[in-house]
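For reference, the structure is listed below as structure tokens.
Values below: all heavy atoms of this structure, side chains included; hydrogens, waters and symmetry mates excluded.
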Amino acid sequence: MGTRTRRGPLRSLMGSLALPAGLLMGVLPLQVALANAMPQEVSRIAVPILAPEPPPDRTDDFDCLRERRSIRILVPYSRTFFHIDQGRQKGVSHEVGLAFERWLNQRYPRQAGKRRWHVMFIPVSREQLLPSLVRGVGDIAAGGLVEGEAARFGGQVVTAPGAFRADPVLVTGPAGESIGSLDDLSGKEVAVPALGNDFWELLALSRTFIERGMAPIRVVPLAEGTEPEELLALVDAGVHAAAVVDRRVAQAWQPTLGRIAIQRPVELDWGGHYAWAVRQNNPELHAVLAEFLAEQDRGSRLGRDLRNGSRDPGRFLGEPASAEELRRFRQLNQAFIASAGRYDLDPLMLMAQAFHESRFNQRARSSQGAVGVMQVLPSTAADPNVGVAGVRNSAERNVEAASKYLRFLADTYLDDPALDPDDRLFMLLAAYNAGPGNLQKARRMARESGLDPDRWFGHVEAVVARELGREPIDYVSNVYKYYIAYKFARDREQAQAEGLLGRLEGI
């Protein structure tokens with residue numbers, strides 16, 4: 001960390017608020033909690049510190065991405081490929097994406113004044129994965145794509161094969177029956193998402209049955225965005241007799257869904273390499289991605305484990321939380337919601353800070369003396385401008401002190417109408433990490449150097465990197481990427497919840 005002012009930063013982190021089930025805990029409590037937590041201790045009308053907007057749609061190739069040192073990976077929001085559980089990002093795509101981030105930082109290391117590479121995950125529905133890529137919402141699409149699927153988009157996207165192949169298997173549940181051979185599928189019901197690789201292959205197999213005078217397979221097309229674990233849950237519940245999913249996914253979920261059976265005698269000979277997709281007009285990015293994935297295939301431990309199945313496939317799903325962990329997490333959610341409402345902060349941004357700082361661990365202690373979930377310095381908490389006691393032992397008081405200090409920084413040092421909301425937030429995070437005096441000095445030096453003191457990226461950021469080092473820059477970038485993942489996951493889960501409510505109302 002760079003040189004600090006005497007007061008020192010209140011190193012904040014953001015817990016998780018009560019939102020959707022996987023990300024936080026429930027949808028409606030957020031609005032209720034915010035309504036009941038209006039500012040009571042702020043002496044004047046505070047300017048809300050809103051989270052920045054998601055990155056704009058862009059279709060840049062690798063040269064521009066290298067300048068920004070940020071890559072957006074579109075992922076399906078799925079318990080298998082990418083999800084958020086108690087504020088922690090998990091899933092196969094998340095783990096491979098982090099490996100890509102490490103690889104980029106080794107292969108294309110930062111230079112003076114440059115930030116580290118950051119991979120940002122943007123969850124979308126599966127049917128929007130490739131359309132969103134074409135539109136420029138992200139730079140790469142990952143998560144259960146098979147090479148041949150790109151062909152449906154008329155050459156607009158190209159794929160880079162991954163380290164292992166899709167290995168489709170037939171899975172049956174209590175409504176199905178044991179299948180001893182491929183021919184036994186004649187006349188049987190099999191559910192698969194519409195328009196995917198398994199859907200077309202099943203139709204082709206069914207045609208061969210008809211040509212041989214056999215009954216066709218009764219293919220049940222589900223919504224294109226149906227995730228494999230959702231399909232397995234339907235089979236486990238007896239809604240569908242059988243389904244086709246990837247072997248690794250079925251193995252990962254079999255211990256949880258105890259009534260599904262993998263029909264190993266049935267050999268489905270299609271598949272293809274799992275792949276990541278990029279836009280066709282981004283050949284440089286495609287070459288970089290292909291190089292990374294080829295290295296995963298040749299030599300990386302992650303690639304070998306994914307390819308040969310030696311790594312426990314269930315590990316990507318994460319261990320289920322204990323009842324006590326869930327209780328603490330719900331309690332922390334409420335603390336963030338209340339403090340965000342009281343001090344006009346964005347609770348998701350607080351959550352991103354908290355994850356970066358302590359992984360939501362109230363027992364965390366730093367070598368500089370910061371404590372708790374938000375890594376608050378006790379001296380900062382005791383300052384008259386904050387005045388919150390109990391930050392060492394109480395997560396709620398720790399969050400309260402961090403939020404109140406953020407509000408103080410915003411009102412004292414960033415109450416500037418020339419700052420747009422995004423830049424105000426980025427500079428607030430920088431002040432929180434490096435100290436407000438250092439931020440003021442950096443803005444002044446930016447002005448003297450002909451840079452814009454009211455813009456963070458590429459302007460004040462460059463001065464901070466030169467004068468204070470990389471930590472404040474990486475701090476802002478990391479918190480921002482966590483925030484983006486939380487925001488898109490929240491939006492996706494809320495859309496799923498609203499869709500479920502709509503279906504229930506129609507019953």
Side-chain angles (χ1 to χ4, degrees), residues 1-14 46-53 55 67-70 105 109-118 345-346 349-350 352-353 356-357 366 368 370 374-377 379-380 383 385-386 402-483:
M1 183 171 292
T3 304
R4 298 189 180 197
T5 59
R6 179 180 60 83
R7 182 188 308 281
L10 211 197
R11 301 185 58 202
S12 92
L13 295 173
M14 293 203 22
V47 177
I49 301 299
L50 302 176
E53 289 297 316
E67 184 64 27
R68 286 193 295 271
R69 303 185 73 78
S70 176
N105 279 301
R110 65 189 181 194
Q111 301 167 345
K114 296 288 186 180
R115 69 174 72 91
R116 287 175 54 82
W117 281 95
H118 291 282
L345 303 172
D346 185 301
M349 186 58 69
L350 286 176
Q353 283 184 274
H356 176 71
E357 292 281 5
S366 78
Q368 290 82 24
M374 303 297 283
Q375 288 292 276
V376 175
L377 289 169
S379 59
T380 302
D383 186 282
N385 293 301
V386 180
S403 302
K404 192 171 181 180
Y405 181 59
L406 281 166
R407 185 72 258 170
F408 167 74
L409 290 178
D411 291 346
T412 306
Y413 299 98
L414 294 167
D415 188 13
D416 185 346
L419 291 171
D420 72 19
D422 287 8
D423 286 307
R424 177 180 288 110
L425 189 282
F426 294 139
M427 291 190 197
L428 176 61
L429 293 174
Y432 196 64
N433 178 261
N438 283 324
L439 177 66
Q440 286 184 305
K441 179 182 177 181
R443 293 184 72 190
R444 183 177 66 251
M445 294 178 72
R447 182 182 294 106
E448 294 168 353
S449 302
L451 300 173
D452 189 342
D454 298 331
R455 292 178 61 191
W456 173 252
F457 288 117
H459 293 263
V460 177
E461 174 198 41
V463 177
V464 169
R466 184 182 72 225
E467 298 296 323
L468 302 178
R470 297 306 316 168
E471 183 171 345
I473 309 304
D474 290 338
Y475 181 86
V476 173
S477 295
N478 271 320
V479 171
Y480 179 52
K481 76 174 184 180
Y482 296 140
Y483 164 74

Considering only NZ, NE, NH1 and NH2 on the basic side and carboxylate oxygens on the acidic side, decide whether D454 and R443 come within less than 4.0 Å.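 Answer for the salt bridge query: yes.
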[X] (side chain) donor-acceptor with [Y] (main chain) under 3.5 angstrom:
X: R424; Y: D416; result: yes
X: E461; Y: G458; result: yes
X: D423; Y: L419; result: no
X: S366; Y: Q368; result: yes

Working to the nearest 0.5 angstrom, can you tell me the gap between [X] [atom1] and [Y] [atom2]?
X: H459; Y: D452; atom1: NE2; atom2: CG; result: 5.5 Å
X: D346; Y: L406; atom1: CG; atom2: CG; result: 11.5 Å
X: T412; Y: R407; atom1: OG1; atom2: CZ; result: 9.5 Å
X: F426; Y: S477; atom1: CZ; atom2: OG; result: 8.5 Å
X: R466; Y: I473; atom1: CZ; atom2: CD1; result: 11.0 Å

Do you know the tightest heavy-atom contact between [X] and [Y]?
X: V464; Y: A442; value: CG2-CB, 3.6 Å
X: M427; Y: W456; value: CE-N, 3.9 Å
X: G469; Y: P472; value: O-CD, 3.6 Å
X: L377; Y: A370; value: CD2-N, 3.6 Å
X: N433; Y: Y475; value: ND2-CD1, 3.4 Å
X: P453; Y: A446; value: CA-CB, 4.3 Å

Is there a side chain to side chain contact (heavy atoms under 4.5 Å, CB included) between L468 and K441? Walk through the geometry before answering. CA-CA 11 Å; L468 302 178; K441 179 182 177 181; over 6 Å; no
Can you check side chain to side chain contact (heavy atoms under 4.5 Å, CB included) on V376 and Y405, steps first, answer last? CA-CA 10 Å; V376 175; Y405 181 59; over 6 Å; no
Please evaluate residues L439 and Y413 with respect to the criterion side chain to side chain contact (heavy atoms under 4.5 Å, CB included), reporting the C-alpha separation (whole Å), side-chain torsions for both, the decisive distance (0.1 Å), and the verdict. CA-CA 9 Å; L439 177 66; Y413 299 98; 5.7 Å; no
Apply side chain to side chain contact (heavy atoms under 4.5 Å, CB included) to the pair D474 and H118, showing each step before the final yes or no. CA-CA 9 Å; D474 290 338; H118 291 282; 3.8 Å; yes
When the ring planes of F457 and Y480 are compared, do they come out parallel, tilted or perpendicular, using 30° and 60° as the limits?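 Ring orientation, 0 to 90° scale: tilted.
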